[in-house]
Protein chains: 2
Amino acid sequence: MDTTATLRGFNRTYTQRIGALEESFLGTGRPLGASRLLFEIGPDGAGVRELRDRLGLDSGYLTRLLRRLDGDGLVRVDADPADRRRRVATLTTAGLRAWQELDDRSEELAQRLVAPLTERQRVRLAEALATADLLVRAATIQLREVAPDDPAAADAAGRYFAELARRFPGGFDPGDPDHAGTFLLATSAGRPVAYGGVRELDGDLRGVGEIKRMWVDEAWRGAGLGARMLRELEALARRLGHDRVVLDTNGTLTEAIAMYERAGYRAIPRYNDNPYAEAWFEKDLSPGPRPA
Amino acid sequence: MDTTATLRGFNRTYTQRIGALEESFLGTGRPLGASRLLFEIGPDGAGVRELRDRLGLDSGYLTRLLRRLDGDGLVRVDADPADRRRRVATLTTAGLRAWQELDDRSEELAQRLVAPLTERQRVRLAEALATADLLVRAATIQLREVAPDDPAAADAAGRYFAELARRFPGGFDPGDPDHAGTFLLATSAGRPVAYGGVRELDGDLRGVGEIKRMWVDEAWRGAGLGARMLRELEALARRLGHDRVVLDTNGTLTEAIAMYERAGYRAIPRYNDNPYAEAWFEKDLSPGPRPA
DNA sequence: CCCACTCTCTGACTAAAGTCAGAGAATGGA
DNA sequence: TCCATTCTCTGACTTTAGTCAGAGAGTGGG
């Protein structure tokens with residue numbers, strides 16, 4: 001099956017059959033941009049900065065859209081107490097009602113779309129869309145380098161440690177984690193979904209890179225995000241001047257071990273005194289092709 | 001799995017990750033509407049009327065868009081020799097080049113999107129999208145009543161007869177087909193994809209409806225379009241005052257027979273002298289719930 | 001050869017969407 | 001306490017998209 005041809009064919013179908021419908025459905029009474037904004041603010045409110053990023057709007061334009069919703073009594077915009085340069089938009093009671101109406105309409109549209117299908121076909125459609133959703137999200141998410149003290153990185157590290165504590169039979173105590181190294185992070189809707197880092201070892205292994213804290217959110221597994229993270233960490237290690245990387249892991253993390261093996265890692269003897277480590281791997285980077 | 005929630009979740013992902021990207025990709029140099037139009041005209045050209053339907057544009061607006069493309073030397077608009085009220089847009093050499101560039105860009109976008117995925121994941125994505133594409137198209141296609149002498153209906157009947165001729169061991173000769181009855185037709189991009197009709201029987205079976213020429217294009221099978229056609233034909237038969245429908249079929253058409261049985265049809269003895277018929281079915285419509 | 005109808009085009013608009021430069025308040029480190 | 005930086009807002013625009021009411025050419029059936 002030709003992937004790009006299928007994708008392009010689907011794009012066509014989607015634009016014509018769903019996209020157009022959605023616009024006509026949601027843009028009633030209010031311009032579409034204003035509806036989208038209202039929907040995006042949502043019952044929990046949202047920062048102006050965040051809205052700008054999520055919707056890709058010019059700051060002046062967003063200000064005006066917000067003022068308009070404010071004028072209609074749907075939204076209030078206040079300074080963020082934590083940082084008074086930032087502003088936060090929240091829905092008023094009327095705004096909440098309008099939001100609910102949009103949500104209902106969106107649900108109705110979805111209902112109407114699947115109405116001609118039988119139950120079995122709906123299940124098939126839902127499965128196909130869930131798969132496509134996961135893969136598209138995993139393919140389009142950006143891995144970015146973060147400072148060790150970035151709050152999102154700390155959040156990700158916390159989630160990583162929590163998972164180890166859950167999965168290791170004897171629990172897991174990170175002690176006083178040192179944050180040495182360079183870390184990559186992928187976030188979605190402000191929450192970390194994948195995380196990992198490289199640091200340089202010292203002593204006998206001086207010059208060798210160690211891959212640390214590889215973690216992918218459970219909801220995002222099965223779409224190759226772990227493998228992608230590993231590839232990008234290897235590329236990062238190369239940029240940092242390492243031509244060999246090592247890592248340690250625990251026997252409970254079977255999927256991770258399988259992934260390392262698929263990625264060309266070979267088991268080696270213990271190289272550190274990590275009490276939780278039960279398996280050690282290495283990979284020679286020097287002859288590898290440069291990644292795209 | 002909750003179908004509408006999955007669908008809505010996918011919509012979100014799609015709009016953010018693909019839709020936005022596509023707009024920024026295709027709308028370079030030219031407004032997006034003009035690009036879309038140029039792309040839609042395509043190397044083979046297209047009638048203005050057809051473009052209006054496909055893109056959902058106001059006729060005045062389309063005229064102006066075309067004039068603009070004409071002014072840029074990309075498109076020529078001439079009267080259709082067959083009906084000089086109609087006009088036909090064709091690409092000039094420069095227009096063809098611009099079209100090719102759009103096509104390349106669209107392909108590049110698709111490539112880029114799937115680039116982070118492994119081959120296995122690409123196959124999974126392509127399969128999921130192909131399934132979703134078929135189901136969405138089948139769910140959103142409109143079945144419309146057509147006059148028996150509608151050229152699209154004649155086209156569909158021709159395709160139906162051709163398939164019978166291919167599948168029946170001894171071939172099939174429609175003889176001089178009578179066009180009595182009311183027919184439903186679904187078309188996509190101007191070509192018939194599903195077809196079928198109801199006519200009233202006479203003689204002993206006066207008052208009974210007969211379902212005729214049920215046909216679904218091969219590329220559209222497996223998405224319940226046949227079952228939907230059958231349901232709508234039954235609804236049509238009810239509206240025409242029949243509380244019982246019958247139909248005949250050939251033993252070679254095993255999928256059709258399975259579908260009739262799933263839809264509640266029961267085998268009955270031969271009720272007509274159709275030489276190609278090998279099985280006869282009936283369904284009582286009176287107590288059935290009205291379809292949506 | 002009428003006449004109702006189809007199809008496209010023109011003129012005259014309006015609304016929505018987006019852009020850009022720069023002002024002003026607030027913040028966080030040096 | 002500076003000062004560079006971040007964030008939002010304002011003013012002054014342009015472009016894109018879309019709407020609506022007719023005019024005028026062409027068509028097909030009676």
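Chain letters run A, B, ... following the sequence lines, proteins first, then strands; residues in each count from 1. Predicted model only: the values in this text are computed from it and were never measured.
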Atom-to-atom span, CZ of A/Arg36 to P of C/dA17 - whole angstrom: 9 Å
Find the distance B/Leu32:CG to D/dA17:C1' and express it as a whole number of Å. 11 Å
Under 4.0 angstrom, heavy atoms only, what part of the nucleic acid is B/Arg68 near: base, sugar-phosphate, or nothing? sugar-phosphate
Would you check if the side chain of A/Thr92 reaches a backbone N or O of A/Gly73 as a donor-acceptor pair within less than 3.5 Å? yes
Per-nt protein contacts along nucleotides 18-30 of chain D (heavy atom under 4.0 Å; B base, S backbone sugar-phosphate only, - none) come out as BBB-----BS---
Verify the ring-centre separation between B/Tyr195 and B/Phe183: is it less than 6.0 angstrom? yes
Send over the distance from A/Arg87 CZ to D/dT6 C1', rounded to a whole Å. 15 Å
Measure CG/B/Leu65 against P/D/dA17 and give the value in whole Å, please. 7 Å
Output a table of donor-acceptor pairs, distance under 3.5 Å, between side-chain atoms of residues 34-43 of chain A and any protein atom two or more places apart or on a different chain; print 'none' if there are none.
{"unit_1": "A/Ser35", "atom_1": "OG", "unit_2": "A/Leu26", "atom_2": "O", "d": "3.1"}
{"unit_1": "A/Glu40", "atom_1": "OE2", "unit_2": "A/Arg54", "atom_2": "NE", "d": "2.7"}
{"unit_1": "A/Glu40", "atom_1": "OE2", "unit_2": "A/Arg54", "atom_2": "NH2", "d": "3.4"}
{"unit_1": "A/Glu40", "atom_1": "OE2", "unit_2": "B/Arg12", "atom_2": "NH2", "d": "3.2"}

Filter on salt bridge (charged side-chain N to carboxylate O under 4.0 Å, His left out), then keep only pairs touching residues 17-35 of chain A, sequence neighbours left out; what's left? none
All heavy atoms of A/Val198 vs all of A/Ala237, minimum pair found to be CG1-CB, 4.1 Å
Go through the steps to decide whether A/Asp133 and A/Arg137 satisfy the test salt bridge (charged side-chain N to carboxylate O under 4.0 Å, His left out), and finish with yes or no. CA-CA 6 Å; A/Asp133 192 38; A/Arg137 278 188 292 129; 3.5 Å; yes
Measure the distance from CD on B/Glu50 to P on C/dT8 and round it to the nearest whole Å. 11 Å
Euclidean distance, atom CG of residue A/Leu37 to atom C1' of C/dA17 [Å, nearest integer]: 13 Å
Output the rounded distance in Å from CG (A/Asp53) to P (D/dT8). 9 Å
Between atom CZ in A/Arg86 and atom P in C/dG24, what is the gap in whole Å? 23 Å
Nucleotide nearest B/Arg52 (side chain, heavy atoms from C-beta), chosen from D/dT8, C/dA17, C/dT8: C/dT8
